[in-house]
> 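Here you go, one structure.
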Amino acid sequence: MDFDMLGLAPRLINVLKEQGITDPTPIQTQAIPHAMNGRDVMGLAQTGTGKTAAFGLPMIHALMKAGKKPNPKTVRGLILAPTRELAKQIADNLTAYTKGSHLKVALVVGGAGIVGQTKRLAGGVDLLVATPGRLIDLLDRRAVRLDETIYLVLDEADQMLDMGFIHALRRIAPLLAKDRQTMMFSATMPKLMAELAETYLTDAVRVQVNPPGQAVKKINQSVHFVAQAAKTDLLVELLDKHRDELALVFGRTKHGCEKLYKVLEKKGFAAASIHGNKSQGQRDRALAAFKAGKVRVLVATDVAARGIDIPDVRHVYNYDLPNVAENYVHRIGRTARAGADGAAVALVAPDEMIELQDIEKAMKETIPIASGRRWEIQPGQKKRPNGGGGGRRGGGGGQRAGGKPGGGKPAGGRRHSGGRPRSRGKSAA
């Protein structure tokens, strides 16, 4: 199947061809036809499978066909993402897809000047990509209104739950047009995700590529059982075998990542770090240098787990295991992108065995041992406390993933039954 068969406008297909995009990925093949028919969509697919185009192309098709400009301070399509890096990646892709059209794409994230963002929104935008916290800041300043927003996309919705953005979503959803289309994309499907879908989606079509929680098959996974104090030396030894290839190293805490990056730099590696203590400018520069190959080793907290789309990443190292099992899949999904091969290596200390056990249970597979012997879980052993490496929490404070998405349906939180956005024709998204 090609994009012509999915019903997209020829002008849009030509833009894709100019960018070398000719064949839709499985998630695009499954999701786009339903989105074009106005259905709400629940998409389950790993990162790196083309989800941005899966939800972006139908919206762009419909907005191009409608042919009208947004009113001042209004937004026609809203895409919410949990991290700045992911939001920027989405905005960059949508900007490329809308090349040569009248459509305006805007990005609003924390860590950047709010005055400039306010000015960009003044004339209205067709597609707004936002992190929830900054969007609420702009709503509070009355710099933007959402009553004419007829498309809502929640990307990496499971991470939004984990990062406590549910409060922000409760504030934002009632402000949108009641007659709207909602699409939700996620790499995993925990119980809370099902409740979130029930709250915000109406009669949704579920499309799925990889089983939730399972890693991409082309990733060669391995684990080294090593004492915590010996991890850095082992990491240096492993990195030294492929100094010319891009490697992403995940740590648990902001302080730990910064310390590790400085050690690697002293060992002669072209290294950089990104985490919550870095300014947005520093994070952008580090990612740009990594993408360009000037930096070969990027040390990061989970703030980067879903915001990096760099096909050349060949190695992912879990220097520390994540507390949330699903985040392991997101981390290692930074390699083996766009059909390439990749390797994911975990360094596991004795006090991380419960985390490893949870990861293997979630993936329904045992990670092959590269060195060491499997540690025994000690009686009374518990998970380590959360490292707090991430981005900003949304809205009215940081509820963790343990809270409910809310009883009942929030006002304005769902479409009218069976309805499609009034501005759309039969073939609209």
Side-chain angles (χ1 to χ4, degrees), residues 1-37 41 43-66 77 79 81 85-107 126-129 151 153 155-156 181 183-187 205 207-210 216-219 246 287-288 290-293 306-314 333-342 427-429:
M1 180 176 286
D2 56 25
F3 284 108
D4 292 290
M5 297 176 66
L6 296 178
L8 294 170
R11 179 177 176 180
L12 188 51
I13 293 172
N14 288 336
V15 170
L16 294 174
K17 286 180 180 177
E18 288 175 8
Q19 298 171 31
I21 303 171
T22 55
D23 298 315
T25 66
I27 190 65
Q28 292 163 9
T29 300
Q30 292 187 47
I32 288 175
H34 295 299
M36 296 277 283
N37 287 329
V41 175
L44 291 169
Q46 301 299 338
T47 52
T49 53
K51 287 184 288 184
T52 301
F55 63 73
L57 295 177
M59 286 193 296
I60 293 168
H61 168 92
L63 292 172
M64 287 172 59
K65 186 175 181 180
I79 300 97
E85 282 74 22
L86 179 60
K88 185 177 186 303
Q89 174 189 312
I90 294 169
D92 288 346
N93 287 339
L94 295 179
T95 300
Y97 301 153
T98 56
K99 179 183 176 183
S101 76
H102 68 280
L103 301 183
K104 292 169 63 178
V105 178
L107 170 70
D126 296 283
L127 294 170
L128 177 64
V129 187
Y151 305 104
V153 176
D155 196 20
E156 305 291 8
Q181 180 182 26
M183 290 181 275
M184 186 182 298
F185 286 81
S186 175
V205 176
V207 295
Q208 182 173 322
V209 178
N210 285 346
V216 176
K217 296 299 182 185
K218 289 195 173 185
I219 300 175
L246 299 189
L287 277 175
F290 188 52
K291 192 169 187 175
R306 311 195 194 194
I308 297 179
D309 185 11
I310 300 174
D312 293 333
V313 174
R314 295 295 305 276
R334 299 307 94 205
T335 189
R337 297 178 77 79
D341 294 325
S427 64

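The structure presented is a predicted model; accordingly, all values stated were derived computationally and were not measured. In this chain, numbering begins with 1 at the start of the sequence shown.
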> Give the C-alpha distance, both sets of side-chain angles, the deciding distance and a yes or no for side-chain contact (heavy atoms from CB on, under 4.5 Å) between L57 and Q28.
CA-CA 9 Å; L57 295 177; Q28 292 163 9; 5.6 Å; no

> Calculate, to the nearest 0.5 Å, the distance between atoms CD1 and OG1 belonging to I79 and T52 respectively.
9.0 Å

> Hey, what do you get for CD1 (I27) to CD (Q208), rounding to the nearest 0.5 Å?
8.5 Å

> Under the side chain to side chain donor-acceptor pair (under 3.5 Å) rule, collect the residues that match up with K291, sequence neighbours excluded.
none

> Give the minimum heavy-atom separation between A54 and A31, together with the two atoms involved.
CB-CB, 4.2 Å

> Heavy atoms only: give me the nearest M183-F55 pair and the separation to one decimal.
CE-O, 3.8 Å

> Which atom names give the shortest non-hydrogen contact between P33 and L6, and what distance separates them?
CG-CD2, 3.8 Å

> Specify the closest pair of heavy atoms between V207 and H34, including all atoms of both residues, with the distance to one decimal.
CG1-CD2, 4.1 Å

> Shortest non-hydrogen contact from D126 to L63?
O-CD1, 4.0 Å

> Applying side-chain contact (heavy atoms from CB on, under 4.5 Å) to K88 and L287, what does each step give before you reach the verdict?
CA-CA 11 Å; K88 185 177 186 303; L287 277 175; over 6 Å; no

> Drop me the distance from L127's CG to I90's CD1, to the nearest 0.5 angstrom.
11.5 Å

> Measuring from atom CG of L8 to atom CG of N14, what distance do you get when rounded to the nearest 0.5 angstrom?
11.5 Å

> For the atom pair CG (L16) and OG1 (T22), what is the distance rounded to the nearest 0.5 Å?
9.5 Å

> How close do A53 and P58 get, counting heavy atoms only, and between which atoms?
O-CD, 3.7 Å

> Please answer whether the main-chain N or O of V15 pairs with a side-chain N or O of K99 as donor and acceptor at a distance below 3.5 Å.
no

> Among T29, I13, D23, which residue meets the side chain to side chain contact (heavy atoms under 4.5 Å, CB included) test with F3?
I13

> Which residues satisfy the salt bridge (charged side-chain N to carboxylate O under 4.0 Å, His left out) test with K104, sequence neighbours excluded?
none

> So how far is it from I32 CD1 to N37 CG, rounded to the nearest 0.5 Å?
12.0 Å

